[in-house]
Amino acid sequence: MGKQITDVIFVGEQSFHLSILQYSNGCFISVTEGNQSSLGSISLSLNTSNVVNTSIIIPSEFSPMFPQLLSELASNLSKGIGLSSVHLKKELKPETAIDLIKEIKSHLLKL
């Protein structure tokens, strides 16, 4: 297995537990609202010929586009398979989602 990043990201009053696992052919991102890691919705993306195809394996109850965006980001940056798991307790505000994606992208670029 490649590199691993674990962090807690604070956005306003909310905290999110982040885990990123890098593999030779892709990346797994897990985001959990709160400080305890939990599995949630699952999105899978595959980067082939500069086109990213995405499948929602387990849909999200809250902010359904967020897990898809994360798996596509992971797939695009790793040039392979992107898998995301997102466990949220409530709908994300758009500005919170944007801040989270910026933080996660900065972590991915460090790998």
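Position 1 is the first residue of the sequence, and the numbers go up from there.
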Exercise. Among the clusters formed by ILVMFWY side chains lying less than 4.5 Å apart, do L83 and M65 turn up in the same one?
Worked result: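 Hydrophobic grouping puts L83 apart from M65.
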
Problem set entry | same_hphob_cluster(V52, L46) at 4.5 Å side-chain heavy-atom cutoff | no

Side-chain contact test, heavy atoms from C-beta onward, threshold under 4.5 Å: evaluate it for [X] versus [Y] and give yes or no.
X   : Y   : value
S43 : S55 : no
S19 : F28 : no
C27 : K3  : no

With a 6.0 Å cut-off (strictly less than), is the heavy-atom count around [atom1] of [X], excluding the residue itself, greater than 12?
X   : atom1 : result
E61 : CD    : no
N50 : CG    : no
E95 : CD    : yes

Problem set entry | For S41, the option from P64, S60, S63, S85 that meets side-chain contact (heavy atoms from CB on, under 4.5 Å) | S60

Atom [atom1] of [X] and atom [atom2] of [Y]: how far apart are they, to the nearest 0.5 Å?
X   : Y   : atom1 : atom2 : result
I58 : L44 : CD1   : CG    : 11.5 Å
I42 : Q68 : CD1   : CD    : 14.0 Å
T96 : E91 : OG1   : CD    : 11.0 Å

Problem set entry | side chain to side chain donor-acceptor pair (under 3.5 Å) partner of E72, the single match among N47, N53, T54 | T54

Problem set entry | Co-members of I5 in a cluster of I, L, V, M, F, W and Y side chains, linked at under 4.5 Å | I9, V11, F16, L18, I20, I29, V31, F62, F66, L69, L70, L73, L77, V86, L88, L92, L100, I101, I104, L108, L109, L111

Problem set entry | F10: hydrophobic cluster co-members (side-chain, 4.5 Å) |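 For the cluster that includes F10, the remaining residues are V8.
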
Exercise. Can Q14 and E33 be counted as having a side-chain donor-acceptor contact under 3.5 angstrom?
Worked result: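 Note: Q14 and E33 side chains meet the donor-acceptor criterion.
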
Exercise. Between S75 and S45, do the side chains contain an N or O donor and an N or O acceptor separated by less than 3.5 Å?
Worked result: no

Exercise. Can you list the steps and then say if T6 with H17 is a side-chain contact (heavy atoms from CB on, under 4.5 Å)?
Worked result: CA-CA 8 Å; T6 302; H17 185 269; 3.6 Å; yes

Exercise. Taking S84 for the side chain and P67 for the main chain, is one N or O donor matched with an acceptor at less than 3.5 Å?
Worked result: yes

For this session: Evaluate the criterion side-chain contact (heavy atoms from CB on, under 4.5 Å) for residue pair L39 and H87; output intermediate values, then yes/no.
Result: CA-CA 6 Å; L39 288 174; H87 184 267; over 6 Å; no

